[in-house]
Amino acid sequence: MHYTVLAGGTGAAKFLLGLTQVVPQEQIHVVVNVGDDAEVWGLHVSPDIDTVLYALSNRLDMARGWGLPDETFRCLQEIGRYGMPTWFRLGDADLATHLSRTEMLRRLPLSAVTAKLAESMGVRASVFPATNDRLRTRIETPDGLLDFQEFFVRDRCRPEVLSVLYSGVPDAQALDAAVHSIREAQLVILAPSNPITSIGPILAAHGMRDALRCTRAEVVAVSPIVGDKAVSGPAGKLMEASGFDVTPAGVARCYHDFLDNLVVHASDAAVAPDIRNDTIGVQVTNILMTSPEDARRLAQFVVDENRTAPR
Ligand code: FO1
């Protein structure tokens, strides 16, 4: 009996914290985006995995949405003297995670490294990278291809986006444990994450969409779009560049081949008929998470509205 959440980015972390107040953490499986991963100072950084692990071990800096609280940046200051890039700010305590992951990756796949880090942090949920293979989001701009973090952090999402690509596809294989988790889930939830660069790379791993189409569980997504805007981040710009309307209906289209239900904000109730025409159910509630109580209530709503009889 488990609930499988597809997650990436800060909206997912808030939702997951809400879900931990609704079901036991042991019953939560998280399939995490690796498209944002990057090599920084020779270290393998997995931002979305770290955000999930830090959130589930109650150590995420919620104000920043990434990294650890009370962080210091002594190494960052010093390494800048050697001409190393400092636009991607790695904190001193956060560095311990990247150093440990990089060292363990010399002998183990990312899934095993993630399980070891989760265990060390006391995380009781099961946390799976979408794939152990290299799969990276690239942003095509008029000045050429950018890695995701170059676009998102260095250039602050300013460049014009011509398209979004996932390098490593179609060779990157969905992690077997993630496929199994989806197929055997009580309920599959797509967290309110960016459909293009947080959920998209998960779906791009070979075998992931099949698992979502074949699972007997209901598959429900929480819209990251309210009205015609993203709740946070560049989802709107990236959806537009990928040919999707920046609306809840556009989100439904991103997931049309496997989604059963879409949870939309109260103010978007009027769009329900359009989405239902796409044979996707619509559930309406307040989806803004401005407090842990909001997140708990949203998670409770998603579980209650989509619970099917325990198998
Ligand atoms: N985001 C920023 O806006 N600026 C940063 O300097 C930055 C550093 C960073 C370091 C480690 C890490 O795990 C995440 C970091 N992030 C930073 C956030 C990161 O870009 C995002 O969490 C995801 O890639 C987008 O979901």
Side-chain angles (χ1 to χ4, degrees), residues 5-17 30-57 59-77 79-80 84-102 105 110 113-114 117-118 121 123 127 129-130 135-139 146-159 161 164 166-167 190-202 224 230-239 289:
V5 183
L6 273 57
T10 45
K14 283 185 187 171
F15 179 79
L16 280 168
L17 282 171
V30 194
V31 178
V32 191
N33 171 41
V34 293
D36 294 5
D37 286 16
E39 279 70 35
V40 182
W41 307 341
L43 301 175
H44 184 122
V45 180
S46 296
D48 283 350
I49 290 175
D50 292 347
T51 296
V52 167
L53 292 178
Y54 291 161
L56 292 177
S57 53
R59 296 194 311 157
L60 180 65
D61 181 311
M62 294 307 284
R64 256 185 286 145
W66 51 272
L68 296 166
D70 311 322
E71 184 59 281
T72 55
F73 293 88
R74 286 291 313 279
C75 182
L76 186 81
Q77 283 155 7
I79 209 166
M84 296 285 273
T86 56
W87 53 266
F88 195 73
R89 296 165 48 76
L90 294 184
D92 297 321
D94 194 30
L95 265 176
T97 305
H98 314 312
L99 287 163
S100 305
R101 172 182 290 115
T102 302
L105 280 173
L110 183 58
V113 172
T114 302
L117 291 172
M121 297 182 197
V123 170
V127 181
L135 192 164
R136 295 289 167 88
T137 301
R138 311 292 302 282
I139 310 292
L146 296 178
D147 291 342
F148 179 77
Q149 300 300 346
E150 291 172 328
F151 170 76
F152 183 75
V153 177
R154 191 193 63 192
D155 301 348
R156 301 191 184 291
C157 305
R158 285 198 193 105
V161 180
V164 178
Y166 307 123
S167 74
L190 276 68
S193 303
N194 182 323
I196 309 300
T197 55
S198 293
I199 302 293
I202 298 173
V231 174
S232 69
K237 186 170 191 173
L238 296 166
M239 283 177 74
M289 298 178 282

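All ligand and atom numbering here is 1-based and tracks the order in the structure. In this chain, residues are counted from 1 in sequence order.
Shortest contact from atom 1 (N) of ligand 1 to any protein heavy atom: Trp66 NE1, 3.3 Å. The nearest protein atom to atom 6 (O) of ligand 1, hydrogens excluded, is given as Arg89 N, 2.9 Å; this is a heavy-atom distance. When only non-hydrogen protein atoms are considered, atom 13 (O) of ligand 1 lies nearest to Pro47 CA, 3.3 Å. Annotation: atom 19 (C) of ligand 1 to nearest protein heavy atom, Gln149 OE1, 3.9 Å. Nearest non-hydrogen protein atom to atom 21 (C) of ligand 1 is Phe152 CE2, 4.0 Å. With hydrogens left out, the protein atom closest to atom 25 (C) of ligand 1 is Asp36 OD2, 3.2 Å, a heavy atom. Protein heavy atom in closest approach to atom 4 (N) of ligand 1: Val153 CG1, 3.4 Å. For atom 11 (C) of ligand 1, the nearest protein heavy atom (residue, atom name, distance) is Asp94 OD2, 3.4 Å.
Side chain to side chain, Asp50 and Thr97 fail the donor-acceptor criterion of an N or O pair below 3.5 Å. Neither side chain, Asp48 nor Thr51, offers a donor N or O lying under 3.5 Å from an acceptor on the other.
Side chains of Pro129 and Val32 form no contact here, defined as non-hydrogen atoms less than 4.5 Å apart. Pro224 places a side-chain heavy atom less than 4.5 Å from the side chain of Pro195. Counting heavy atoms from C-beta outward, Pro192 and Lys14 have side chains that stay 4.5 Å or more apart. Proximity of Leu6 to Leu190: side-chain heavy atoms (C-beta onward) are separated by under 4.5 Å at one or more points.
Using a 4.0 Å cut-off between charged side-chain N and carboxylate O, Arg156 and Glu150 make no salt bridge.
Atoms of ligand 1 lying under 4.0 Å from at least one heavy atom of Gly9, given by number and element, are 26 (O). Within ligand 1, counting atoms from 1 as listed, the ones closer than 4.0 Å to a heavy atom of Asp48 are 23 (C), 26 (O). Listed by number with element, the atoms of ligand 1 under 4.0 angstrom from any heavy atom of Trp87 are 6 (O).
In this structure, Arg138 fails the cation-pi test against Phe148, since its NZ or CZ atom is not both closer than 6.0 Å to the six-membered ring centre and inside 45 degrees of the ring normal.
An N or O contact shorter than 3.5 Å is missing between His98 and ligand 1 by distance.
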